[in-house]
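Values in this document were obtained by computation on a predicted structure and should not be read as measured data.
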Amino acid sequence: MTSPRSRAFLALLLLNPGRQVSLYTFADAIWGADLPQNPRRAVQLCAVRVRAQLDRIGAGELVVTCPDGYRLDVPPERTDLGLVEARLREADAAADEGHTERELAAVTLALALWRGDPLADVPSDVLHREMAPGLREQQLRLVERRVDILLRNGTVADLVSELTTLTARHPLREGFCGRLMLALHRLGRRGEALDVYHRFRRLLREEFGTDPGEALQDLHATILTSRPDTGPDVARLPLPVPRELPSDLPSFAGRTEQRTALDGLLAMVDTSPGPVIGVVTGTAGVGKTSLAVHWARGIADEFPDGQLFADLRGYHPGQALSAHRVQSRFLRALGVRGENIPTDPDELTALYRSTLDGRRMLLMLDNAGSADQVRPLLPGTAGCLVVITSRDVLISLIASDGAHRVNLDLFSLTEARELLTRRLGPRRLAVEARAADDIIAASARLPLALAIAAARAVIDGDTRLSVLAAQLRDGLDAFDTDSATTDVRAVFSWSYRALSADAARMLRLLGLHPGPQVTMAAAASLAGLSPEEAEVKLAELARAHLVIEQRPGRFALHDLMREYAVELAAAEDAGTDRDRAVRRLLDHYLHNGYTAINVIDPMLTGEGPADALPEVVLEKMSDREAAMHWITAEQEVLVSILDWAADAGFDRQVWQLVWVLVPYFDRHGNSAQCVKCLRAALKAGERLGEPLMRARAHRGLGNLYFRTAQVEDAERHLETALALYRDNRDEFGEAHVEMGLAAFREHQGRHPEALEHALRALELHRRLGDAGSHANALNSVACCYIQVGQHQLALDHGRRALAAFRELKAPDAESAALDTIGDAYQKLRRFTDAIDSYHEAIRLARQTENRAYAARSLINLGDTYEAMNDPDAARRAWREAESIVEEIRHPFLETVRARLAGSAARNGSG
């Protein structure tokens, strides 16, 4: 039949052989709700067309007209459906007589009559809605009957592929799922059979929120316990389903990122060919167990065959559980009788894995000490998820067993506040928000310490949080409890005792390091080891999470761990050993710092420190880039070392460290840090009774206050420095102060006095014979000549300074000399030459990352363009200078903004 309506008409007749079909039924099946204006006439036309097509094969008379419709005049057994019914009657008869082969043949013939999906080529929504489902069900029952016969006959191997396809096409049909499970089980593929069940169960729960029927659950239990599957009459034994997870913490907080990572492991369970393994790692007291239990509780229903839990006590001295002991306990929980559990380790492991095979289980192995302790407890089958917590990274488990690491750091401030809010309530925290932050700081954001602090706040409900915060500042003693599992010092000790002797010594010495971070080289110097030896020890500490590798090669201890390490060092290391370690540490930063500054600009450093101890690691800084990288990376550590050294009375080292830090901070426009360092140098010089040390500190402060426009302070410090140098007959220092005073008087507009100071400095440096200082004095004199109108003399002195700086390979100083030369050219109205000099000065300043010098030359460049009546170019230069000085907060900011405002007023633009 080519016409869609003709096919629908004939299909309705074939579905009702020998029975009248009404005109209304035809119209409804063919047109549905879109009935034609004359349905009777439309049906009659369909009948005419069908008869005409049947006439071509001599069968037109089979469509008989009835009073209110039509009938197909054939007996039912001459249609496909009728033949199917006949074959089913034959199959039933054969089954009653026990003739399995005849039953199978009849069912196979019946199935052969089905060709594709019922009514597939019939365009009738009514027939597809009302008739097709029943036909499809009849077909599927025939398929299931054929499979059942083959299963009874033991013909199983060829069925797995067919049933796999059928379950994929009909994923919600429980009959196909059960038959595939049975086929796999009989082939010895027990794990796969159970996996089919778990996938089907999860699908039902996701789609309908229900579980499989009782028959399928019985089959699952049969396979799970490996009982013979002889039929539904087998007595079902109770199946142990262990649910051993500890209770969750009601106040659990934070860890969103880590929970998401664990969710990713759960998603892998259904596709992984073996067990999925997650290792939650982190330092002692960071909340590994709390996270694992909280998360596992939330997904426990995904593992209907049970959840097993064991505290392996890997870091409890002398109490760690052996894998075989845990295997035995798990087997008993899974229903294996004690007398059936072997004592031979290999046999025990084999039985353990056989018992787990095919089960969908969650295993939580808490507090693992090593990969070897864990590996025998891993299932050998897919469908299981293993969550391990450990202070060790368990790298071999990751490398060899495909484990996935989920690392826990200290709480963020937000997470810490969330925990306190959950424990103490939002109202109490809101009243004393500052005190709550102090508690968090005193707890080092370590979850265990924070939980202890919160517990104290709950117990002492009337105590103000500020009082508790003050008590917690007493250190580790404030975090003592009556339980070894929650006492911070005891928890730390379990990790410490598991270390090798050399790694334990490294941890103790790291407690002496005051900085926020320590590099491999600094740790080597501290411990008196080679960098290679230090790397091994730090790697062991990092694996145990006793140190935190914040960035590759940079390690840190949180505050409570540092305090614990200091306690250990005082108890276990001799005072002489600690003192020598501190000396090595100071030498490390002093000598490497002086090397870095000397590479960056050899004219910036003064007298270096005495020889370093032989064990100190001197780092290679082959070029300026490497030196700048070192000091930039270490600036926070150097400031911490400076503060600590000042408090500890290492005044000479304080003095020396200042002249590492001041040049670095000065070139980056950090005036506040420069002042802090110079004041520390002044106090160190006073305590040491060294007038020349005091003089240099006064000189540095005077120059700095001059640049920050603090005129009275600048003059006071410079005059004090000059007097100290003269009293102690230090002409070198006197010359430097004279140069500082020259710049200061120049700034005050006292230009003749400025020139006198500069010329005295030049004469002193010429007599002393220091090439770099002499070149600086030449440049200072050039600046003063410009101010008194001696522009050619200024140009001559500036050129001599530039030549000296180039010979000394001092690009910073070159930039300064070029700026002075540019000023001279500008005054001589040689604008092109001035612009060339400024551009070269700016290029060198950028090359050395001296942004203050770059900004100064950009301002002068803008002045030159303004003098040339090119306001647009002037504004471009000034705006670039403005962006630099705004970022480094330099006093030039007011100057350059005044230039821009004046230009806008003169030229009517922004």
Side-chain angles (χ1 to χ4, degrees), residues 603 695 698-700 702-726 730-805 813-830 833-834 837-838 841 853 856-857 859-860 863-864 867 891-892 895:
M603 297 183 61
H698 280 298
R699 186 182 95 208
N703 289 330
L704 184 65
Y705 284 133
F706 158 56
R707 290 201 302 275
T708 56
Q710 298 179 62
V711 177
E712 292 182 3
D713 288 335
E715 186 163 15
R716 175 169 52 84
H717 282 289
L718 287 172
E719 293 290 356
T720 302
L722 186 61
L724 284 167
Y725 280 129
R726 285 176 176 171
D730 186 327
E731 290 187 331
F732 186 82
E734 181 184 347
H736 276 294
V737 178
E738 292 284 9
M739 286 179 59
L741 284 166
F744 180 59
R745 298 305 181 202
E746 182 183 329
H747 178 73
Q748 291 179 306
R750 295 157 64 175
H751 303 305
E753 291 179 51
L755 180 59
E756 289 179 13
H757 284 298
L759 289 170
R760 279 201 295 271
L762 181 62
E763 174 57 26
L764 285 168
H765 283 309
R766 185 193 62 76
R767 193 164 67 240
L768 292 167
D770 181 88
S773 298
H774 184 254
N776 272 330
L778 282 168
N779 193 51
S780 178
V781 169
C783 292
C784 292
Y785 273 134
I786 290 171
Q787 298 303 322
V788 297
Q790 299 290 328
H791 303 137
Q792 190 59 51
L793 279 173
L795 187 60
D796 292 342
H797 282 75
R799 285 170 172 169
R800 288 168 59 194
L802 179 62
F805 289 141
E814 281 186 62
S815 176
L818 283 162
D819 185 78
T820 303
I821 291 169
D823 290 348
Y825 278 135
Q826 186 192 136
K827 297 298 183 182
L828 291 167
R829 302 193 67 77
R830 293 170 59 177
D833 291 332
S837 290
Y838 290 137
Y853 276 19
R856 180 182 63 187
S857 294
I859 293 171
N860 293 336
D863 292 346
T864 305
F892 284 159
T895 301

**Q.** Close side-chain approach of Gln826 to Tyr838, heavy-atom, < 4.5 Å
**A.** yes
Q) What's the spacing between Leu762 CG and Asn779 CG if we round to 0.5 Å? A) 11.0 Å
Q) Between Arg760 and Glu763, is the closest basic N to carboxylate O distance under 4.0 Å? A) no
Q | Working for salt bridge (Lys or Arg N to Asp or Glu O under 4.0 Å), residues Arg726 and Glu738 | A | CA-CA 11 Å; Arg726 285 176 176 171; Glu738 292 284 9; 3.0 Å; yes
Q | Reported CG-to-CG distance for the pair Leu718 and Asp713, which is rounded to 0.5 angstrom | A | 10.5 Å
Q: Using atom types as modelled and distance alone, determine if a side-chain donor or acceptor of Tyr785 lies under 3.5 Å from a backbone N or O of Leu755.
A: no
**Q.** Min side-chain heavy-atom separation Arg699-Tyr725 under 4.5 Å
**A.** yes
In a table with atom names and distances, give each donor-acceptor pair under 3.5 Å that connects a side chain of residues 795-805 to protein atoms at least two apart or in another chain.
from: Asp796; atom 1: OD1; to: Gln792; atom 2: NE2; distance (Å): 3.4
from: His797; atom 1: ND1; to: Leu793; atom 2: O; distance (Å): 2.9
from: Arg799; atom 1: NH2; to: Tyr825; atom 2: OH; distance (Å): 2.7

Q) What are the two closest heavy atoms between Phe706 and Ala743, and how far apart are they? A) CZ-O, 3.3 Å
Q: Give the minimum heavy-atom separation between Ala758 and Val781, together with the two atoms involved.
A: O-CG2, 3.5 Å
Q. Of the non-hydrogen atoms in Ala742 and Cys784, which two are nearest, and what is the gap between them?
A. CB-SG, 4.3 Å
Q.
If the threshold is 4.0 Å, N to carboxylate O, is there a salt bridge linking Arg745 and Glu719?
A. yes
Q.
So Asp823 and Lys827, do their side chains get closer than 4.5 Å, heavy atoms only?
A. no
Q) Looking at CD of Glu746 and CD of Glu753, how far apart are the two atoms once the value is rounded to the nearest 0.5 Å? A) 12.5 Å
Q | CG on Leu759 to OG on Ser780, rounded to 0.5 Å | A | 9.0 Å
Q: Give, for atom CG of Asn776 and atom NE2 of His736, the distance between the pair rounded to the nearest 0.5 Å.
A: 7.5 Å
Q) Which heavy atom of Met739 sits nearest a heavy atom of Ala761, and at what distance? A) CG-CB, 3.4 Å
Q: Drop me the distance from His698's NE2 to Tyr705's OH, to the nearest 0.5 angstrom.
A: 11.0 Å
**Q.** Sidechain-backbone polar pair: Thr720 side chain, Arg716 backbone, donor-acceptor under 3.5 Å
**A.** yes
Q) If every non-hydrogen atom of Leu818 is compared with every non-hydrogen atom of Ala841, which pair is closest and at what distance? A) CB-CB, 3.7 Å
Q: Take atom CZ of Arg767 as the centre, draw a 6.0 Å sphere, and report whether it contains more than 12 heavy atoms from other residues, nucleotides or ligands.
A: yes
